[in-house]
Structure formats: structure tokens, C-alpha cells
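Values in this document were obtained by computation on a predicted structure and should not be read as measured data.
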Amino acid sequence: DVAGREPQRFRVSYAISREQSRPDGGKMYIQDRMAEHAEELFERLANGAHIYFCGLKGMMPGITEMLEKVATERGISWETTLEQLKQNGQWHVEVY
């Protein structure tokens, strides 16, 4: 398993809305889990990491809203960052 062989280079995190809850008691969605690791996520992306999304297309607006919010808080243009991730082949989305 990649995470076991490369723990410094690979992370898998799950957000299962029917089984997990946020600290405030609400359902845990992927954007909530990503927000918990936002600093690490942006650092890894800046260093060339790839990010993959797979699932229902309805999840993407919440994810991109959270990423834009975090980027803005860090003084980063999300629009520019997203375009760069796409150009670099780091942004992977498979939704239906």
C-alpha cells in the first residue's frame, strides 16, 4: 500500500457523511476534512503534489468554495492557483 510505503509523500483521508460527524455535530463532508488539513494541503500542492476527486459532481462546489476561502485567507488567488494546478497536471477530477 502506497500510504504505508510512502507516509511522508502520500495521505488518504476519508469523509463519510453517513458515518462521521464534525465537531459541531453536523455531517462530515470532504470539504470539512480537507479544511482540517488545509495548511498541509496547500503546502503539498505548492510542492508539486497531485490531488484527486472522484464521486458525485455535487461535491465539487463545496470543495472549490472551501479551497477558495482558504486560499483567500492565505493571500493567494484561488483562480490563479487552480489554473496553475490544471496546467501542471496536478488537478484530477472524475465526477458523475
Side-chain angles (χ1 to χ4, degrees):
D1 136 300
V2 175
R5 288 190 319 267
E6 300 285 344
Q8 299 300 322
R9 297 181 56 203
F10 190 84
R11 173 192 288 272
V12 175
S13 294
Y14 298 96
I16 304 170
S17 62
R18 292 187 183 117
E19 297 176 16
Q20 298 171 313
S21 299
R22 297 185 315 238
D24 67 4
K27 290 182 179 182
M28 174 65 72
Y29 293 107
I30 187 62
Q31 60 266 30
D32 302 314
R33 183 67 72 211
M34 291 173 66
E36 290 176 356
H37 303 285
E39 193 67 31
E40 177 186 2
L41 175 62
F42 272 80
E43 182 179 323
R44 287 182 183 244
L45 288 171
N47 289 317
H50 289 241
I51 190 164
Y52 297 82
F53 301 98
C54 181
L56 296 174
K57 65 182 173 184
M59 71 180 185
M60 290 309 296
I63 290 169
T64 54
E65 288 170 14
M66 182 279 303
L67 291 168
E68 182 174 16
K69 178 180 180 233
V70 171
T72 301
E73 289 170 355
R74 297 182 73 194
I76 299 170
S77 165
W78 174 243
E79 186 175 303
T80 301
T81 300
L82 179 58
E83 185 58 36
Q84 192 66 50
L85 293 171
K86 289 178 179 180
Q87 287 178 1
N88 293 345
Q90 294 172 256
W91 182 262
H92 309 274
V93 179
E94 293 287 333
V95 294
Y96 51 92

(message) Would a single hydrophobic cluster contain both Met66 and Tyr29, if residues Ile, Leu, Val, Met, Phe, Trp and Tyr are joined by side-chain heavy-atom contacts under 4.5 Å?
(response)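 Shared cluster, no.
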(message) For Met28 and Glu19: C-alpha separation, side-chain torsions, deciding distance, then whether side chain to side chain contact (heavy atoms under 4.5 Å, CB included) applies.
(response) CA-CA 8 Å; Met28 174 65 72; Glu19 297 176 16; over 6 Å; no
(request) Verify the neighbour count for atom CD of Glu73: are there more than 12 heavy atoms of other residues, nucleotides or ligands below 6.0 Å? (result)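 Count over threshold, so yes.
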(message) Using a 6.0 Å cut-off, check whether atom CD of Glu79 has over 12 heavy atoms from anything other than its own residue.
(response)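 Open: at most 12 neighbouring heavy atoms sit under 6.0 Å from CD of Glu79.
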Taking atom [atom1] of [X] and atom [atom2] of [Y], what is their separation to the nearest 0.5 Å?
X	Y	atom1	atom2	answer
Gln90	Arg44	CD	CZ	13.0 Å
Phe53	Glu94	CZ	CD	12.5 Å
Phe42	Leu67	CZ	CG	5.0 Å
Ile51	Leu85	CD1	CG	8.0 Å
Leu82	Ile76	CG	CD1	13.0 Å
Trp78	Glu65	CH2	CD	12.5 Å

(request) Would you name the heavy atoms of Asp24 and Gly26 that are closest together and state the gap between them? (result)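 Taking every non-hydrogen atom into account, OD1-N, 2.9 Å.
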(message) How close do His50 and His92 get, counting heavy atoms only, and between which atoms?
(response)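 Of all heavy-atom pairs spanning His50 and His92, the closest is ND1-NE2, 2.7 Å.
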(request) Answer yes or no: is there a donor N or O on one side and an acceptor on the other, between the side chain of Asn47 and the main chain of Glu43, under 3.5 Å? (result)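 Yes.
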(request) Applying side chain to side chain contact (heavy atoms under 4.5 Å, CB included), run through Lys69 and Gln31 and close with a yes or a no. (result) CA-CA 11 Å; Lys69 178 180 180 233; Gln31 60 266 30; over 6 Å; no
(request) State whether Glu83 and Lys86 are salt-bridged, where the test is any N-O pair (Lys NZ or Arg NE/NH1/NH2 against Asp/Glu carboxylate O) under 4.0 Å. (result)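 No.
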